[in-house]
There are 2 protein chains.
Amino acid sequence: MKTLKIPEATIIRLSVYSRHLTEVDRKGIITTSSGDIAEGVGVSPAQVRKDLAYFGEFGTRGVGYNVKDLRQHILRILGLSVDWSVSLVGAGHLGLALSTYKGFRERGFIITSIFDADPQKVGTMVGNVEVLPIDQLIVVAKQNRTQIGIVAVPAAVAQDITDQLIKAGVQAILNFAPVVLNVPPEIELRNVDLAVNLEVLTFNVGAQRF
Amino acid sequence: MKTLKIPEATIIRLSVYSRHLTEVDRKGIITTSSGDIAEGVGVSPAQVRKDLAYFGEFGTRGVGYNVKDLRQHILRILGLSVDWSVSLVGAGHLGLALSTYKGFRERGFIITSIFDADPQKVGTMVGNVEVLPIDQLIVVAKQNRTQIGIVAVPAAVAQDITDQLIKAGVQAILNFAPVVLNVPPEIELRNVDLAVNLEVLTFNVGAQRF
DNA sequence: ATAGATATGTTAATTATATCACTAAGGAGA
DNA sequence: TCTCCTTAGTGATATAATTAACATATCTAT
């Protein structure tokens, strides 16, 4: 098994490329080039080719790339040629925003269960999914063969929820709570910290100081 | 003016350190060390010291760091020793999630205006801020000396909203729409793409393939 | 006082990432 | 068919970031 290490930045860019290619394809354009893609997403052409080169040869020299083909290749690389069963924990505003976000379903992320601690919310419908109490998390997520858990709960309970998701057998966790979660090494974890993002901005706005 | 280049990863970590230090301070702990911080946030002690070294000497050899002091230093570095006026565009679930997110206000991000295109939403109150129509964006945001704009609108209108925010004089934009925005170089831009985050996870879950 | 233990700040080494420059291959037009 | 133009793929180079190693400074205990 080849274990070539691929930079995370490359994966993020591939995701952006694929989104861009979806747009380009929608416009009916058949062929594109590393230069076109680069311009469309704001990177260098060499970067585009290098990113793709980790995974194979998808273009034709002197010509470019077939838009549909390249898009499919990238989706397969990202693991998006199959659907993913996602469990959402926390049905607050953020949870609702995530569950109604069209981009998820389009890319094959199917929210199969939603949990919340608030008895008022339990039993309500979000789209076509019923909000369930937390104490059903492990059983239901396991039943649904949930692969990805989204943590959209207050920081104070985020670790507990995470532990339950892992007990339910998820392989990956997307965490929105502003805490550092502890997970075993075989679990993939990503954190989206909204305040951190604003703080990078404020640093940069004032960064002349340094 | 010294223009030492500081890695963005360092800024992100500083933000995490400061959050960690807030917790530690809340527990009444007076002194900490690069090792403690490293353990608390999951990086190496050398990394912590290196990150801080970009900005000065904040500790005492053989002793460590005063928690309150270091926290204050980092907040100042991040530009959080003053409040920031933030304008939120888009009062959907995501917008509401952001506007009710306590972490923002705690860190000095004050949402001073909210705009939405939906006439049904215009006039409603979000917290103590009234939702205004988009056509008041430029005037009101300018009045409020808005420094940061948050774009939480559909992808199709994100560029137009961004242009208006820039006309209103914002210095930085946090974009949640899944599109590549064009902004002049003096405007700080950060993108939070929820689908990209999930896709990095799915890639990593299946990454044995490569 | 002094020795030992501890933890910072900093320089050096290593590793990772991005850029550049070149080679190879396909297409179009004379 | 041959030449020129274009663009992918790639190895070499440059840059950036992380890790490791160490010298310096402080505290404690004897």
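By convention in this document, chain letters (A, B, ...) are assigned in the order of the sequence lines, proteins followed by strands, and residues within each chain are numbered from 1. Values reported hereafter were calculated over all heavy atoms of this structure, with side chains retained and with hydrogens, waters and symmetry mates removed.
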Using every non-hydrogen atom in the two residues, find where [X] and [Y] come nearest and quote the distance to one decimal.
{"X": "S34(B)", "Y": "R49(B)", "answer": "OG-NH1, 3.1 Å"}
{"X": "W84(B)", "Y": "G79(B)", "answer": "NE1-O, 2.7 Å"}
{"X": "D69(B)", "Y": "N66(B)", "answer": "N-OD1, 2.9 Å"}

Please list, for nucleotides 26-30 of chain D, all pairs of protein and nucleotide N/O atoms separated by less than 3.5 Å.
| from | atom 1 | to | atom 2 | distance (Å) |
| --- | --- | --- | --- | --- |
| dT26(D) | O4' | R61(B) | O | 3.1 |

**Message:** Please enumerate all residues that pass salt bridge (charged side-chain N to carboxylate O under 4.0 Å, His left out) together with R71(A), with sequence neighbours excluded.
**Reply:** none

**Request:** Can you sort out the partners of R145(B) under salt bridge (charged side-chain N to carboxylate O under 4.0 Å, His left out), two or more places apart, ordered by chain and number?
**Result:**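 Scan of R145(B) (salt bridge (charged side-chain N to carboxylate O under 4.0 Å, His left out), adjacent residues dropped) gives none.
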
**Prompt:** Between the main-chain N or O of N182(A) and the side-chain N or O of Q159(A), is there a donor-acceptor pair closer than 3.5 Å?
**Reply:** yes

**Donor-acceptor under 3.5 Å (T202(B) side chain, L78(A) main chain)** = yes

**Item:** Plane angle bin for F109(A) and F104(A) - parallel if under 30°, tilted between 30 and 60°, otherwise perpendicular
**Value:** perpendicular

**Asked** Which class fits the ring pair F203(B) and F55(A): parallel under 30°, tilted 30 to 60°, perpendicular over 60°?
**Response**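 Plane angle over 60°, so perpendicular.
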
**Asked** Can you tell which of I150(B), V151(B), V192(B) makes a side chain to side chain contact (heavy atoms under 4.5 Å, CB included) with N175(B)?
**Response** V151(B)

Please report, rounded to the nearest Å, how far the [atom2] atom of [N] is from the [atom1] atom of [X].
{"X": "D51(B)", "N": "dA16(D)", "atom1": "CG", "atom2": "P", "value": "17 Å"}
{"X": "Y54(A)", "N": "dT10(D)", "atom1": "OH", "atom2": "P", "value": "13 Å"}
{"X": "I6(B)", "N": "dA16(D)", "atom1": "CD1", "atom2": "P", "value": "13 Å"}
{"X": "F55(A)", "N": "dA8(D)", "atom1": "CZ", "atom2": "C1'", "value": "17 Å"}
{"X": "R49(A)", "N": "dA8(D)", "atom1": "CZ", "atom2": "C1'", "value": "6 Å"}
{"X": "L70(A)", "N": "dA8(D)", "atom1": "CG", "atom2": "P", "value": "10 Å"}

**Asked** Can you give the first and last nucleotides of DNA chain C, 5' to 3', that have an atom under 4.0 Å from a heavy atom of chain A?
**Response** dT17(C) to dG27(C)

Output a table of nitrogen or oxygen pairs between the protein and nucleotides 11-14 of chain D separated by less than 3.5 Å.
| from | atom 1 | to | atom 2 | distance (Å) |
| --- | --- | --- | --- | --- |
| dG11(D) | O6 | K50(A) | NZ | 3.4 |
| dA12(D) | N6 | K50(A) | NZ | 3.4 |

**Message:** Under the criterion side-chain hydrogen bond (donor to acceptor under 3.5 Å, both in side chains), I'd like the reasoning laid out for T10(A) against D51(A): C-alpha separation, chi angles, the key distance, then a yes or no.
**Reply:** CA-CA 6 Å; T10(A) 288; D51(A) 286 337; 2.9 Å; yes

**Message:** Any non-hydrogen side-chain atom of I187(A) less than 4.5 Å from a side-chain atom of I173(A)?
**Reply:**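 Of all side-chain heavy-atom pairs linking I173(A) with I187(A), at least one is under 4.5 Å.
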
**Asked** Between dT6(D) and Y65(A), is there an OP1 or OP2 to side-chain N/O distance shorter than 4.0 Å?
**Response** no

**Residue met sooner reading DNA chain C from 5', once T10(A) and F58(B) are mapped to nucleotides** =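 Nearer the 5' end of the strand: F58(B).
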
**Request:** Could you tell me whether E199(B) and R190(A) have a side-chain N and a carboxylate O separated by less than 4.0 Å?
**Result:** no

**Request:** Could you check which residues of residues 22-42 of chain B get a heavy atom under 4.0 Å from DNA chain C? Sort them by number, please.
**Result:** S33(B), S34(B)

